[in-house]
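Taking it in order: structure first as structure tokens, then the write-up.
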Amino acid sequence: MWTKPWTLREGFVICCGLVVAGLMLELSIGPVIWDSFAWPANIIVFTGLIVLCVSIYLLRRWVYAFRFLSTYRAAVPALLFAVGLTIIMGLTRQTVNGAWIYNMLSFWPFVLVYVYITVILSQVIIHHILHFHWRRDIPFLLNHLGLFIAITTATLGNADMQRLKMITAIGEPEWRALSDDGLVKELPIAIELKRFIMEEYDDGSPKRFASEVQILTKTGQNIQATVDVNKPVEVEGWKIYQYGYDTAMGRMSNISILELVSDPWLPTVYTGIYMMLAGAVCMFVIGVKRRKKP
């Protein structure tokens, strides 16, 4: 083992080492605390990751381990470990405050394996950029670069996502909301409930409930809107959802509970996803053209 060229066996050993290292970190310092990666820490980490990936590629000529990262013998074991951990995540109930496999997104072995895959992915992307051929590499780069963007920004941007609850009342503009841990957050928008709407079935159970609201922004906008279940209103980066009401009062409720969600990195994640879709379309078109050639 460890005689050059390295094989799949070394690739699996590296992944096992990452899992063991992750378990040691989990036992010693606890799970990954993603809140510590909130802006501007996440953009600093993202920049550092890019610098690290480029440095690894530039040093590959002198460091065999770095050169190994560009091979399928490194990629295949990493993918199998990632798939296995992802299956475990799908088979276990995930909770925000869960420990170990019950909160896989904060479980060190899961995080380290996905970081390893990201680094492997970056090496392949850099290589194809430096040896670019438009017909061969455009679909490849769209797929792989899109995946890289989606994985990194979805992970690092998660710390900036806010999910808050706001209780609005008729005639009382509200600009404060509560986070899941009970902290009061002041928002750049104020919401006033104008009318709570409820439609009922014949047996009296709720058929539809919604809120007619007035939204005021710091930029001077005065927006009249109806917030319905599964039909959010979007204002200045915030999506406003209908969440609840005073169930004791029913249709006579004079308050409405709204959920406000802000995810500033989401457009970047969507960019990565759209790139992957575009890459799939390009692969299909190029494949059709090749089959049509005599």
Side-chain angles (χ1 to χ4, degrees), residues 11 14-15 17-18 21-22 25 29 31-79 81-82 85-86 104-134 136-161 237 262-280 282:
I14 291 172
C15 290
L18 289 172
L25 286 169
I29 64 175
V32 179
I33 302 175
W34 288 111
D35 287 347
S36 61
F37 290 89
W39 181 272
N42 44 22
I43 193 63
I44 294 172
V45 172
F46 181 76
T47 303
L49 177 64
I50 299 298
V51 172
L52 173 66
C53 293
V54 172
S55 299
I56 289 174
Y57 188 85
L58 294 176
L59 294 172
R60 64 199 301 271
R61 180 180 299 179
W62 298 279
V63 182
Y64 180 78
F66 293 169
R67 193 156 64 249
F68 177 72
L69 295 176
S70 300
T71 68
Y72 76 91
R73 296 182 293 275
V76 170
L79 285 171
F81 268 72
L85 290 169
T86 304
M104 290 292 282
L105 294 179
S106 298
F107 186 43
W108 273 107
F110 183 89
V111 173
L112 290 182
V113 168
Y114 267 88
V115 169
Y116 182 52
I117 284 182
T118 304
V119 173
I120 292 174
L121 185 62
S122 72
Q123 300 307 293
V124 180
I125 292 170
I126 295 171
H127 181 78
H128 279 262
I129 290 175
L130 295 178
H131 302 84
F132 184 77
H133 182 276
W134 74 271
R136 178 193 65 203
D137 289 326
I138 285 180
F140 182 91
L141 286 174
L142 284 171
N143 279 316
H144 289 73
L145 188 57
L147 179 60
F148 181 87
I149 292 172
I151 289 176
T152 53
T153 57
T155 304
L156 293 173
N158 184 62
D160 288 334
M161 187 180 77
S262 172
D263 192 352
W265 288 70
L266 191 60
T268 311
V269 178
Y270 281 149
T271 298
I273 294 172
Y274 293 146
M275 288 174 68
M276 288 189 284
L277 292 173
C282 286

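Counting heavy-atom neighbours within 6.0 Å of I33 CD1, excluding the residue itself, gives a total of 12 or less.
Here Y72 pairs with nothing under the ring-ring contact (aromatic ring centres under 6.0 Å, His included) rule; sequence neighbours left out. Every residue two or more places apart in sequence or in another chain was checked for a ring-ring contact (aromatic ring centres under 6.0 Å, His included) with F81, and none qualifies.
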Only pairs under 3.5 Å count here: list side-chain donor-acceptor contacts from residues 38-52, not counting sequence neighbours, and write none if there are none.
residue	atom	partner	partner atom	Å
N42	ND2	F37	O	3.1
N42	ND2	L156	O	3.3
N42	ND2	D160	OD2	2.6
T47	OG1	I43	O	2.8

Which atom pairs, one a donor and one an acceptor, fall under 3.5 Å between side chains of residues 61-69 and the rest of the protein, sequence neighbours left out?
residue	atom	partner	partner atom	Å
Y64	OH	W6	N	2.8
R67	NH1	R60	O	2.6
R67	NH1	R61	O	3.3

Donor-acceptor list for residues 110-124 side chains, cut-off 3.5 Å, not counting sequence neighbours:
residue	atom	partner	partner atom	Å
Y114	OH	T86	OG1	2.7
T118	OG1	Y114	O	2.8
S122	OG	V119	O	2.5
Q123	OE1	Y57	N	3.3
Q123	NE2	C53	O	3.0

Donor-acceptor list for residues 139-155 side chains, cut-off 3.5 Å, not counting sequence neighbours:
residue	atom	partner	partner atom	Å
N143	ND2	P139	O	3.1
H144	ND1	F140	O	2.9
T152	OG1	F148	O	2.7
T152	OG1	I149	O	3.3
T153	OG1	I149	O	2.5
T155	OG1	I151	O	2.7

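Note that the CG atom of L130 and the CZ atom of F132 stand 12.0 Å from one another [nearest 0.5 Å]. Separation of atoms CG (D35) and CE (M161) is listed at 10.0 Å; rounding is to 0.5 Å.
Closest of all the heavy-atom pairs between G157 and W265 is CA-CG, 3.4 Å.
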